[in-house]
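Reviewing the structure listed below.
FYI, side chains are in, hydrogens and waters are out, and symmetry mates aren't considered; it's all heavy atoms of this structure. Along the sequence shown, residues carry numbers from 1. These numbers come from a predicted model, not from an experiment.
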Amino acid sequence: MRIAIGGMAIESSQFCPHRTSYDDFRVTRGAELLARYTWTRPDSDLARQVEWVPLVHAVALPGGPVERETYDRIKAELVARVRDAGPLDGLVYDIHGAMSVTGLDDAEADLTEAVRDAIGPDALISAAMDLHGNVSRRFAEPLDLLTAHRLAPHEDAWETRERAARKLVERLASGTGRPYRAWVQVPVLLPGEKTSTRLEPAKSLYGRLAAVEALDGIVDAAVWVGYAWADEERCRAAVVVTGDDPDLALAQARGLAQEYWDARRAFVFVGPTGDADTCVARAVASPARPFLISDSGDNPTAGGAGDLAYMLGRLLANEDLASGRVTALHPGITDPAAVATCFEAGPGARVTLKVGGHVSAGTGPHAEPYGLTGTVTALDDPSAPSPGAPRGNPAYDGGGRTAAVTSGGVTAVLTERRTPFHTRADFGPLDPAGYDIVVVKIGYLEPELHALAADWLLALTPGGVDQDLPRLGHHRIARPLYPFDDAGFEEPDLTPVLLRADRGADTGRAGTADMRGAGA
């Protein structure tokens, strides 16, 4: 079997002033693309069955909408490589599901339609997605299989990609053809920090997907919570159950959708919350060390700009921190000019900086640059030769040079590029365990930070991924939609639509049976 691999993956906040350019993407092709996965290796059990055909894959750190010319460039290359690859039996479609592009309403649907046209009507396409993606009908129709992560945080991201690949191989090897897909959207849109699978009700809901998948006649079951920081009609939860037994697929999709809807008010934040000042005061007073605080509104791995110095200002407004009686580490404020100034000044130098707010300028008082005077206490250049282990998130190119500036008891880590701080290695030469408080631009804590934290608070801070959705100003989402609408919200129709891709070879376009599961 000849199975191609390719895709384009990013989640994009339309409330973030950042714009994602081509340089923000890590683009891989050829052997480098195949090396992303374990199941493409020559020693894999699939090697004797499959000739893997690498196309192109582009992944970027979440951010603002993708510039149209960037999207068009990547789309054109992907489509051209599909056409040039020759006859293909299938495609592993490695995407995210929450990409927004300037001037488009449903970017993943646009991309998927183009890929389907290029690959032809006969090949099967299996999509691997993030559970924070949005699944419109237009997007789902050209696909044959689609699955999503079942854990948040996404500890099963690579497992999801492998599941998509193996189910595609199984489908092609068995000759059973295209399965049915029971698709339904649920009029609920929640931030990811309210849908962590560490807590109920998401824990049980996602926990039973494997049992649904194991039913005779079912191929896969997936639930998407949607992406809350885009403002498009497709933004809402969705369920897709894939199988050869259409009635069973419809029944299971209907049951999962109803369970999600019934539990909508039970979804709560993954940790205790408060505004910035409340969280800082509680962390200072607590004996737990290190005490972690999430600066959730400016989380770059959810789509925030990553350049807001709002939390830095709130930390230094606290007398215990400003005086140095309590110490805090606040990494990840993007400011290349400030980093350059620190490198020019050198370690130990006293500097006065206007920190942050360059990309986000003009979006509100929370986005104003912060006047920081302090001492350069650490400089780090990951591109310089080092005997240490590689640092940074392997999915991205990293944050470039970083500079730590200490004022009172607060050390701010400034970065040249937007970058996450998810692991101990991401902190470079600084040890987060050595500070009383660590404030990270993140939502729920990733596994290593979760293990590090003696205690934790989720600060509901302003920014492009504000957890307080109603104050963001959505105006294009389809209404009614919970939690934007609640009182008087009638019971929605959660009857799934049965999608069956019966494509005519003469058109190369998807013709879909529109069947709703009566009594399912």
Does atom CD (E233) have a neighbourhood of more than 12 heavy atoms from anything else shown, all under 6.0 Å? no
Between A454 and A288, what is the shortest heavy-atom contact and its length? CB-CB, 3.8 Å
How close do V186 and A257 get, heavy atom to heavy atom, and via which atoms? CG2-CB, 3.8 Å
Test your reading of the model: is there a side-chain donor-acceptor pair from E259 to the backbone of A263, 3.5 Å cut-off? no
Please answer whether the main-chain N or O of G464 pairs with a side-chain N or O of S13 as donor and acceptor at a distance below 3.5 Å. yes
Do K194's NZ or CZ and the ring of F267 fall within the cation-pi criteria of under 6.0 Å and 45°? no
Kindly determine whether D426 and T423 satisfy side-chain hydrogen bond (donor to acceptor under 3.5 Å, both in side chains), including the steps that lead there. CA-CA 5 Å; D426 293 333; T423 69; 3.2 Å; yes
For the pair H474 and F15, evaluate ring pair (Phe, Tyr, Trp, His ring centres under 6.0 Å) and give the outcome as yes or no after the intermediate values. CA-CA 9 Å; H474 291 74; F15 301 98; 4.6 Å; yes
Checking side-chain hydrogen bond (donor to acceptor under 3.5 Å, both in side chains) for the pair Y206/T195: CA distance, chi angles, key distance, verdict? CA-CA 10 Å; Y206 277 87; T195 54; over 6 Å; no
Flag, side chain of T40 to backbone of Y37, donor-acceptor distance under 3.5 Å: yes
A side-chain contact here means heavy atoms from C-beta on lying under 4.5 Å apart; do K75 and M8 qualify? no
Point-to-point distance, once rounded to the nearest 0.5 Å, from CG of D216 to CG of L248: 8.5 Å
List the atom of E448, the atom of R424, and the distance in Å for their closest heavy-atom pair. OE1-N, 3.1 Å
Nearest heavy-atom contact between G274 and C279 is O-SG, 3.5 Å
Side chains of T402 and V339: closer than 4.5 Å at any heavy-atom pair? no
Using modelled atom types only, decide if a donor and an acceptor are shared between the side chain of E416 and the backbone of R401 within a distance under 3.5 Å. yes
Does R48 have more than 12 heavy atoms from other residues, nucleotides or ligands lying within 6.0 Å of its CZ? no
Please determine if R181 forms a cation-pi arrangement with W183, meaning its NZ or CZ atom is less than 6.0 Å from the six-membered ring centre and no more than 45° off the ring axis. no
Has T197 got a side-chain atom pairing as donor or acceptor with L151's backbone, closer than 3.5 angstrom? no
Take H132 and H149, measure what side-chain hydrogen bond (donor to acceptor under 3.5 Å, both in side chains) needs, and give me the verdict at the end. CA-CA 9 Å; H132 296 123; H149 307 335; over 6 Å; no
Test item: D298 side-chain N/O and D307 main-chain N/O as donor-acceptor pair under 3.5 Å: yes
Are L205 and R150 packed together at the side-chain level, in the sense that at least one heavy-atom pair is separated by less than 4.5 angstrom? no
State, yes or no, whether a side-chain contact exists between L469 and W229 at a heavy-atom distance under 4.5 Å. yes
State, yes or no, whether a side-chain contact exists between H18 and D24 at a heavy-atom distance under 4.5 Å. yes
Treating R418 as the side-chain partner and T415 as the backbone partner, does any N or O pair qualify as donor plus acceptor under 3.5 Å? no
Check whether any side-chain N or O of K441 sits under 3.5 Å from a backbone N or O of I333 as a donor-acceptor pair, and report yes or no. no
Can any side-chain N or O of R289 pair as donor or acceptor with the backbone N or O of S286 at less than 3.5 Å? yes
Is N134 reaching over with its side chain to a backbone N or O of Y227, donor-acceptor style, under 3.5 angstrom? yes
Residue that, paired with L143, satisfies side-chain contact (heavy atoms from CB on, under 4.5 Å) out of T112, L124, L91: T112
R29: partners by side chain to side chain donor-acceptor pair (under 3.5 Å), with sequence neighbours left out: Y22, E77
Check: R198 and K203 side chains under 4.5 Å, non-hydrogen atoms: no
